[in-house]
Amino acid sequence: MSGLVNTCVRSRRLFLRSGCGTLILMAMASLPFAPTAVAQQRREREPNSVYAQRRAKLAAAADAPIILTGLTGREEDSQAYVFAQEENFYYLTGHNEEEAGLILLPPADSKARKDDFQGPREILFLPPKNPPKEKWNGVRMSPSDPGIQAHTGFADVRPFSEMRATVEKLARFYPAFYTILPYEKELGGFPHEKETVDWLKLAVPQASLKDIRTNITDLRLIKSPTEIAFLREAVDLSLDAHFAAFKMMRPGLWEYQVAAKMVEVHAMGGSEAEAYAPIVGAGPNSTALHYDRLGRKIQDGDIVVMDVGAQYSGYAADITRTVPANGKFTPRQREIYDIVLGAQNAALAALKPGADMCRKGKQSLYKISYDYINSHGKDQNGKPLGQYFIHGLGHNIGLNVHDPGDSCKPLMPGQVVTVEPGIYIPEENLGVRIEDDVLVTETGYELLSSKLPRSADEIEKIMAEAAKQRPIEAKP
């Protein structure tokens, strides 16, 4: 909770925008009076009551127990690895430490209840206290900690070693369990989810397993007030970084130098990590969507795509701007830039609840942006530019920069999505993407990244003013 207080004190913007006074009171009510220091928890998190409400909604929609496990901390072998919890587990628990488990039982008054368990209908499993390990890696929470129930928001906290026996006992009452079944796609959680499934099949081979993924995804679509506050902070840190990049940009710099400055701005502002690997692509690299090599020296005449976003308290922003390396767009660069901006504005004008990001259909924002691009401008062969818009229009953001969700599902108030048309013409070494983060409201949308200029004139003006203030002798 002290982290949330610090956030509100540190950032007047967050306090004024999001009512941090209310958030502080909610957080105070959810924590014990003297919380113990924990090394791995996020600096800020939502109140325990919010996580509890999510678990209750999920359990009420299921006709069998839900079994989930967090990450172990051994998923990566890199010395640079900093543990971050599996997103669905974190969304339901707010717990950001290794080797935890969760069991949610059908509500006590539900027809789905078949067991004779007494007491709480949700159980958090944590590893036991390990003082020698803590000397190396810092304090961790354990079931034996004083006040652990109040600190975690779970009335029943048990050693992880008891989880298998609990599942085996439940199998006497239930023929099936819910978990997150694996699939090998982006965001699939593979192999963690497969490991959980394998563990369940070993513990209760007679039980059938059902997928709870869609239920959790549906909950994650609509952001809570605190989630929106964290996303606002992530967006604002990202805007600060892009402003800094505008002002430093010039021929002779390396792509990695621009990225390094942006990462520094994020970290100094309170970001715990990048939302994704920074993308700074100059010249030919501007046409590669997820270029992250950062190995080109920026040349006079290059156009530079900067897709760089901060993470704040686990929540990811996703912002892209495209700028001329020397501060002045060429006529062709400006032509393509203005077409992309026009496509984005056309999509934003139609963005409201009920619209979607599908590739086709009457409510498709993607089709609006594609049609705009395809009807404005030509390539070097005189052909329409639609063929160079090679990705979707946008996606959900949240605990993941590509938060789960069906692009063809109608948008709903409370969703936070990106709007990011682009044109990429490799034969011209010319790529342009403009990406902003948008909160869907009851009547339309709020452009969370509105403070960062989008027009070519405004970008050139900022870069020109920065160049005047730059010492003549300064060299990259």
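Heavy atoms only: backbone and side chains are in, while hydrogens, waters and symmetry mates are out.
Put simply, the side chain of K57 never gets that close to the backbone of N215: no donor and acceptor are under 3.5 Å apart. The backbone N or O of R140 sits less than 3.5 Å from a side-chain atom of E134, completing a donor-acceptor pair. Proximity of a side-chain donor or acceptor of E162 to a complementary backbone N or O of P159 within less than 3.5 Å is not detected. For the pair S369 (side chain) and A343 (backbone), a donor-acceptor distance under 3.5 Å is absent.
When each of L447, V417, I319, V419 is paired with D437, the side-chain contact (heavy atoms from CB on, under 4.5 Å) condition holds for I319 and for no other. Of the candidates D156, D109, D115, D115 is the only one forming a side-chain hydrogen bond (donor to acceptor under 3.5 Å, both in side chains) with R121.
Atom OG1 of T179 sits about 10.0 Å away from atom CG of L102, to the nearest 0.5 Å. Between L92 atom CG and L219 atom CG the span is 7.5 Å, to the nearest 0.5 Å. Rounding to the nearest 0.5 Å gives a distance of 7.5 Å between CG of L231 and CG of L448. Here the SG atom belonging to C358 is positioned 12.0 Å from the NZ atom belonging to K367, to the nearest 0.5 angstrom. Rounding to the nearest 0.5 Å gives a distance of 9.5 Å between CD1 of I66 and CD1 of I180. Considering CD1 of I423 and CD of Q387, their distance stands at 10.5 Å, rounded to 0.5 Å.
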Going through the checks in order, is the side chain to side chain donor-acceptor pair (under 3.5 Å) test met by E420 and H395?
CA-CA 9 Å; E420 49 177 308; H395 52 82; 3.0 Å; yes
Applying side chain to side chain donor-acceptor pair (under 3.5 Å), run through D63 and Y178 and close with a yes or a no.
CA-CA 9 Å; D63 57 2; Y178 283 95; 2.9 Å; yes
Criterion side-chain contact (heavy atoms from CB on, under 4.5 Å) on Y388 and I373, from CA distance to verdict
CA-CA 9 Å; Y388 301 100; I373 289 173; over 6 Å; no
R293/E255 under salt bridge (Lys or Arg N to Asp or Glu O under 4.0 Å): CA gap, chis, key distance, verdict:
CA-CA 9 Å; R293 180 67 181 84; E255 293 165 336; over 6 Å; no
Residues E435, Q344; criterion side-chain contact (heavy atoms from CB on, under 4.5 Å); working and verdict:
CA-CA 8 Å; E435 178 177 20; Q344 188 189 44; 5.7 Å; no
Between D236 and R232, does a salt bridge (Lys or Arg N to Asp or Glu O under 4.0 Å) hold up when you go through it step by step?
CA-CA 6 Å; D236 279 357; R232 289 183 188 276; over 6 Å; no
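Contact detail for I123 and F154: the closest heavy-atom pair is C-CD2, 4.2 Å. Taking every heavy atom of both residues into account, L399 and Y91 meet most closely at CD1-CB, 3.9 Å. The two residues E97 and F83 have their closest heavy-atom pair at C-CE2, 3.6 Å. Heavy-atom minimum distance, R54 versus S224: NH2-OG, 3.6 Å.
Listed by first and then second residue, the side chain to side chain donor-acceptor pair (under 3.5 Å) pairs that reach into residues 346-360 are R359-Y366, sequence neighbours excluded.
The shortest distance between side-chain heavy atoms of R158 and T166 falls below 4.5 Å. Counting only heavy atoms from C-beta outward, the side chains of D307 and D318 approach each other to under 4.5 Å. Between Y424 and V305 there is no side-chain heavy-atom pair separated by less than 4.5 Å. A 4.5 Å side-chain heavy-atom check between E274 and V308 finds at least one atom pair inside the cut-off. Residues I148 and P143 have side chains not in contact (no heavy-atom distance under 4.5 Å, counting atoms from C-beta outward). Taking the side chain as every heavy atom from C-beta outward, L105 and P65 approach each other to under 4.5 Å. In this structure, F243 and L452 have side chains that are in contact, with non-hydrogen atoms separated by less than 4.5 Å.
Side-chain contact of Q85 with H95: a donor-acceptor pair under 3.5 Å is absent, judged by distance alone. Checking N96 against R45 by side-chain atom types alone, no donor-acceptor pair falls below 3.5 Å.
Residues satisfying the salt bridge (Lys or Arg N to Asp or Glu O under 4.0 Å) test with E99, not counting sequence neighbours, are R74. In terms of the salt bridge (Lys or Arg N to Asp or Glu O under 4.0 Å) criterion, K133 has no residue partners (sequence neighbours excluded).
The aromatic rings of Y312 and F230 sit tilted, their planes meeting at an angle between 30° and 60°.
Taking the charged nitrogens against the carboxylate oxygens, E227 and R220 have no contact shorter than 4.0 Å, which rules out a salt bridge. Look at K409 and D218 and you find a salt bridge, because one of the NZ, NE, NH1 or NH2 atoms lies within 4.0 Å of a carboxylate O, short of that distance. Under 4.0 Å is where a charged nitrogen must lie from a carboxylate oxygen, and between K129 and D145 at least one such pair does.
If you look at Y276 and H402, their ring centroids are not closer than 6.0 Å.
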